[in-house]
Amino acid sequence: MSRTNSAHHYGSVTKTFHWLTALLILTLIPLGIIANKLPYETSEQLAQKAWLFSLHKTLGVTVFFVALARIAWAVTQTKPAGLHPDRKAESWLAETVHCLLYGSLLLVPLSGWIHHASTTGFAPIWWPFGQNLPLVAKSEDTAALFAGLHIVFERVLAAALILHVAGALKHHFVDKDATLKRMWFGTTHTPDATGTHKHGLPFVTAVAAWGIAIAIGSSIGVFAKHGDAIAQVALEKVRIRLDRGNRHSCN
């Protein structure tokens, strides 16, 4: 199997990027949900919650760099055309979903990373390069904005992912074509894959979708300043321990 794409099939590098990204995203989404829902009433619970958030953040940064590499690779490669270029609406929707996926793979981890860098640290990223970002100062306003954007963008990513999977299954089980097969490992040639890709309109549609999602998020208050609740709890627990220690020392 060739490492590079051709007009009729995807290469091994593209396929590896595709399935590695899928594995990371399908790990990150439930990990974030579980970490958010865990209680933090005791020190042990707080430590477990922090550990899961650190794992979530570290994998999120990994997704960001994998997505950058994937996009850099994609722009150098031929992209096989859709198998049904005559289905204009379906092709437009598929390209729009692809734009949303590629964009969200950058926007979701980046917004979370900026939120992490702009607020008081809780659950550090596990790497040796520090917890801050250039040009990102500690700011409650910045933290609130990017915490909200992270929520909005991850919802867009989840919706795009559902549509992407639904489309792939529709091609495989309803259309019975090679759309899904040619993204799996092995050689699946599709000599009937003809046509050109026009990315202008799908990109505009994707930008409009992000804009609508941000507007909806703003209307329901996801950008409201709420601080880092977990960090507040952790600091409060430390304060209580210090107060108890001081009382014991006075006795």
Kindly compute the distance separating CG (Leu201) from OG1 (Thr96), expressed to the nearest 0.5 Å. 6.5 Å

Residues at least two apart in sequence or cross-chain that pass side-chain contact (heavy atoms from CB on, under 4.5 Å) with Thr62, listed by chain then number, are Leu24, Val66

When hydrophobic residues are tied together by side-chain contacts of less than 4.5 Å, even through go-betweens, does Leu110 share a cluster with Leu135? no

Can you list every ring pair (Phe, Tyr, Trp, His ring centres under 6.0 Å) pair that touches residues 82-103, not counting sequence neighbours? His84-His171, His98-His164

For residues Trp127 and Thr58, determine if any side-chain heavy atom of one lies less than 4.5 Å from a side-chain heavy atom of the other. no

Mark yes or no for whether Lys57, through its side chain, and Pro124, through its backbone, hold a donor-acceptor pair below 3.5 Å. no

Hey, is CG on Leu23 packed in by over 12 heavy atoms from elsewhere, all under 6.0 Å? yes

Counting C-beta onward and ignoring hydrogens, is there a side-chain heavy-atom pair between Thr21 and Arg70 closer than 4.5 Å? yes

side-chain contact (heavy atoms from CB on, under 4.5 Å) with Ala213: which residues, sequence neighbours excluded? Val152, Val156

Using the rule that Ile, Leu, Val, Met, Phe, Trp and Tyr join whenever any side-chain heavy atoms are under 4.5 Å apart, tell me whether Val165 and Phe173 fall into a single cluster. yes

Side chains of Ile216 and Ile212: closer than 4.5 Å at any heavy-atom pair? yes

When you group the ILVMFWY residues by side-chain heavy-atom contacts below 4.5 Å and let the links chain together, are Leu100 and Ile162 in the same group? no

Side chain of Lys15, backbone of Trp184: donor and acceptor closer than 3.5 Å? yes

Does Thr142 reach the main-chain N or O of Ser139 with its side chain, forming a donor-acceptor pair under 3.5 Å? no

Over all heavy atoms of both residues, which pair between Phe223 and Leu149 is shortest? Give the atoms and the distance, please. CE2-N, 3.4 Å

Would you call Pro80 and Tyr10 a side-chain contact if the rule is heavy atoms closer than 4.5 Å? yes

Smallest separation among heavy atoms of Phe185 and Ser12, with atom names: CE2-O, 4.1 Å

Out of curiosity, Thr4 OG1 to Trp73 CH2, how far, rounded to the nearest 0.5 Å? 6.5 Å

Is there a donor-acceptor contact under 3.5 Å from the side chain of Lys49 to the main chain of Glu44? no

Do Asn5 and Thr14 have a side chain donor and acceptor closer than 3.5 Å? yes

Start with the C-alpha distance between Asp177 and Lys170, add both sets of side-chain angles, then the distance that settles salt bridge (charged side-chain N to carboxylate O under 4.0 Å, His left out), and finish with yes or no. CA-CA 9 Å; Asp177 61 30; Lys170 183 257 185 186; over 6 Å; no

CZ of Phe146 to OG1 of Thr119, rounded to nearest 0.5 Å, is 13.5 Å

Gap between atom CZ of Phe53 and atom CG of Leu46 - 0.5 Å precision: 10.5 Å

Side-chain heavy-atom pair Trp210, Ser104 within 4.5 angstrom cut-off: yes

Less than 4.5 Å apart, side chain to side chain, heavy atoms only: is that true for His9 and Ser2? yes

Where the side chain of Ser91 meets the backbone of Arg87, is there a donor-acceptor pair that is under 3.5 Å apart? yes

Looking at Gln131 and Ile125, would you say the former's side chain and the latter's main chain have a donor-acceptor pair under 3.5 Å? yes

Looking only at heavy atoms, the pair that brings Val136 and Ser118 closest together is CG1-CB, 3.8 Å

Between Ala67 and Leu106, the two heavy atoms sitting closest are CB-CD2, 3.8 Å

Transitive ILVMFWY side-chain link Leu26 to Leu31, under 4.5 Å: yes

Rounded distance (nearest 0.5 Å) linking atom CG of Leu101 with atom CG of Leu163: 8.5 Å

Between Ser111 (side chain) and Val108 (backbone), is there a donor-acceptor pair under 3.5 Å? yes

Correct closest heavy-atom pair for Ala35 and Leu52 would be CB-CB, 3.9 Å

How long is the gap from CG on Leu145 to CD on Glu140, to the nearest 0.5 Å? 13.5 Å

Could you walk me through whether Gln48 and Tyr40 pass side-chain contact (heavy atoms from CB on, under 4.5 Å), step by step? CA-CA 8 Å; Gln48 183 183 29; Tyr40 46 91; over 6 Å; no

With side-chain contact (heavy atoms from CB on, under 4.5 Å) as the test, would you mind laying out the steps for Trp126 and Leu55 before giving the verdict? CA-CA 8 Å; Trp126 292 331; Leu55 179 59; 3.9 Å; yes

Could you tell me whether the side chain of Leu161 reaches within less than 4.5 Å of the side chain of Ile29, counting heavy atoms only? yes

Tell me whether Phe129 is reachable from Trp113 by hopping between hydrophobic residues (I, L, V, M, F, W, Y) whose side-chain heavy atoms are closer than 4.5 Å. yes

With a 4.5 Å limit on heavy-atom distance, are the side chains of Ile25 and Val63 in contact? yes

Closest approach of His56 and His150, non-hydrogen atoms and distance? NE2-NE2, 4.3 Å

